[in-house]
2 protein chains.
Amino acid sequence: MKPKDEGKIAEIYAATLVLVKEQGLAGITMSMIAKKAGFATGTVYIYFANKEELIVKLFEKCSTDYANDYFAGYDPSSPFKVAFHTIWMNMLRYSIEHFDELVFIEQCFHSPFITDETRKATKERLLPWRELIERGKKEKLIKQLDASWIMLFVRGSVRDLVKHCTYNQLKITDTFKESLFEMCWDGIKD
Amino acid sequence: MKPKDEGKIAEIYAATLVLVKEQGLAGITMSMIAKKAGFATGTVYIYFANKEELIVKLFEKCSTDYANDYFAGYDPSSPFKVAFHTIWMNMLRYSIEHFDELVFIEQCFHSPFITDETRKATKERLLPWRELIERGKKEKLIKQLDASWIMLFVRGSVRDLVKHCTYNQLKITDTFKESLFEMCWDGIKD
DNA sequence: AAGATAGATGAATAATTATTCAGCTAAAAG
DNA sequence: CTTTTAGCTGAATAATTATTCATCTATCTT
């Protein structure tokens with residue numbers, strides 16, 4: 001028997017992400033995905049039962065990758081600002097390097113494919129980030145605002161900046177990154 | 001002869017916005033729109049040649065309304081921080097009161113319906129906002145960063161916060177608004 | 001090396017959705 | 001009040017897209 005080529009799943013995912021970035025979730029079809037990935041339409045159905053399963057599985061993959069990346073090198077015992085900086089930079093790096101995944105996740109959030117439970121699970125993966133913010137509040141280093149607001153303030157500003165830079169093909173330098181960090185930090189610090 | 005009921009256009013628009021907010025651009029059909037608006041599918045085609053025209057016209061309407069609202073009560077001769085506050089509050093108010101339009105515009109940006117020219121035109125409507133930021137830089141009141149970055153920093157943070165509050169049905173109080181404003185302001189001030 | 005099994009193909013079919021249109025209705029004009 | 005015109009309807013049709021499947025192919029097993 002011929003073994004399943006698991007590498008094809010990655011190719012299907014990659015093709016889907018590129019197409020969604022270019023056309024949006026509303027603009028993609030299964031045959032477009034197959035063509036972009038370089039094989040026949042029917043092949044996609046060997047790996048995924050249908051379009052919905054493909055989208056949902058890709059969403060879950062992106063969502064967990066995203067959360068893992070968030071906490072790379074994060075040491076909860078380090079000083080607050082250091083820890084915050086680590087996660088902030090991870091967030092920025094992920095947004096830049098996996099821009100198509102960022103767009104895909106965002107589009108899925110407003111689509112019939114993703115259920116409320118999935119949405120909730122996605123948020124829960126960022127719990128350590130929330131806990132860090134709470135710690136910053138306790139240590140009186142940042143403003144005494146709801147942790148969600150702080151998190152959204154930070155993420156929202158990073159996201160829109162990365163979008164702008166990506167669409168306008170602007171190189172994001174280290175100096176630029178530190179300037180952005182400073183904006184975020186100044187915004188939340190006590 | 002029977003006159004065209006121009007009010008129907010508004011009903012079609014409203015139905016479309018609600019559906020896109022609930023289902024995303026990928027999840028809506030012409031019959032869903034007609035049903036939601038309360039009349040027959042064919043009627044939609046009396047007012048719009050096809051689905052694309054409907055989406056594009058609605059996008060343009062939302063986009064101009066948005067830009068107009070941005071500058072309501074804006075007096076360029078007032079002190080920088082006052083002017084900034086006015087526009088910032090307009091942005092927030094619009095995002096809250098016209099949340100479905102916000103979602104719709106965002107979805108359209110990543111869709112096959114909107115062309116690059118339309119995207120560009122949308123940005124150009126916010127020119128006075130850019131000019132205000134440049135003025136703030138000249139007056140050394142805000143950081144010497146690219147005006148686009150400042151604008152995106154502000155808009156991104158506001159957008160994600162409004163999304164969160166809307167989806168979680170949190171009431172946005174005046175105190176809350178001023179707290180958010182302060183975060184933004186602290187982030188960009190020199 | 002031959003048989004067996006599961007992957008790969010892409011044209012055929014099914015399902016969904018966009019769009020049309022023949023008949024119907026309401027309002028304006030005369 | 002009648003005519004006329006254009007809006008309205010929703011079932012019918014066209015177009016698009018998802019999904020299947022008969023056939024072919026590659027590779028594993030013995």
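Letters go in sequence order (proteins before strands), and every chain restarts at 1.
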#### Entry: Side-chain (A:Arg155) to main-chain (B:Asp160) donor-acceptor, under 3.5 angstrom
no
### Query
Looking at DNA chain C, which of residues 7-23 of chain A put a heavy atom within less than 4.0 Å of it?
A:Lys8
### Contacts of type salt bridge (charged side-chain N to carboxylate O under 4.0 Å, His left out), residue B:Lys51, not counting sequence neighbours
none
### Summary
In B/S/- notation (B base, S sugar-phosphate only, - none; protein heavy atoms under 4.0 Å), nucleotides 22-30 of chain C written 5' to 3' is -----BB--
#### Entry: Set of side chain to side chain contact (heavy atoms under 4.5 Å, CB included) partners for B:His98, sequence neighbours left out
B:Tyr94, B:Glu101
### Message
Using whole Å, what does the distance between atom P of nucleotide C:dT9 and atom NZ of A:Lys35 come to?
### Response
15 Å
### Short side-chain to backbone donor-acceptor contact, A:Asn168 and A:Leu170, under 3.5 Å
no
### Message
Base contacts versus sugar-phosphate-only contacts with protein, heavy atoms under 4.0 Å: please encode nucleotides 16-22 of chain D as B, S and - from 5' to 3'.
### Response
-SSBB--
### Query
Angle, rounded to 10°, between the helical axes spanning five pairs at each terminus of the helix from C:dA1-D:dT30 to C:dG30-D:dC1?
10°
## Note on the structure
Residues passing the salt bridge (charged side-chain N to carboxylate O under 4.0 Å, His left out) test with A:Lys143, sequence neighbours excluded, are B:Asp186
### Query
For A:Phe48, which contact category applies under a 4.0 Å heavy-atom criterion: base, sugar-phosphate, or nothing?
nothing
### Message
Can you confirm whether B:Tyr66 sits close enough to B:Arg125 that some side-chain heavy atom of one is under 4.5 Å from a side-chain heavy atom of the other?
### Response
no
### Message
Applying salt bridge (charged side-chain N to carboxylate O under 4.0 Å, His left out) as the test, list every pair that has at least one member in residues 6-22 of chain A; sequence neighbours left out.
### Response
A:Asp5-A:Lys8, A:Glu22-A:Lys36
### Query
Pairs in or reaching into residues 103-124 of chain A: which pass salt bridge (charged side-chain N to carboxylate O under 4.0 Å, His left out), with residues at least two apart or in two chains?
A:Glu106-A:Arg159, A:Glu106-A:Lys163, A:Asp116-A:Arg119
### Task
Sequence neighbours left out, what passes ring-ring contact (aromatic ring centres under 6.0 Å, His included) with A:Tyr13? Give chain and number order.
A:Phe48
### Task
Specify the closest pair of heavy atoms between A:Val162 and A:Ser95, including all atoms of both residues, with the distance to one decimal.
CG1-O, 3.5 Å
### B:Tyr74: partners by side chain to side chain donor-acceptor pair (under 3.5 Å), with sequence neighbours left out
none
### Query
Do B:Phe59 and B:Phe113 touch side chain to side chain, with heavy atoms closer than 4.5 Å?
no
### For A:Glu52, all residues meeting salt bridge (charged side-chain N to carboxylate O under 4.0 Å, His left out), sequence neighbours excluded
none
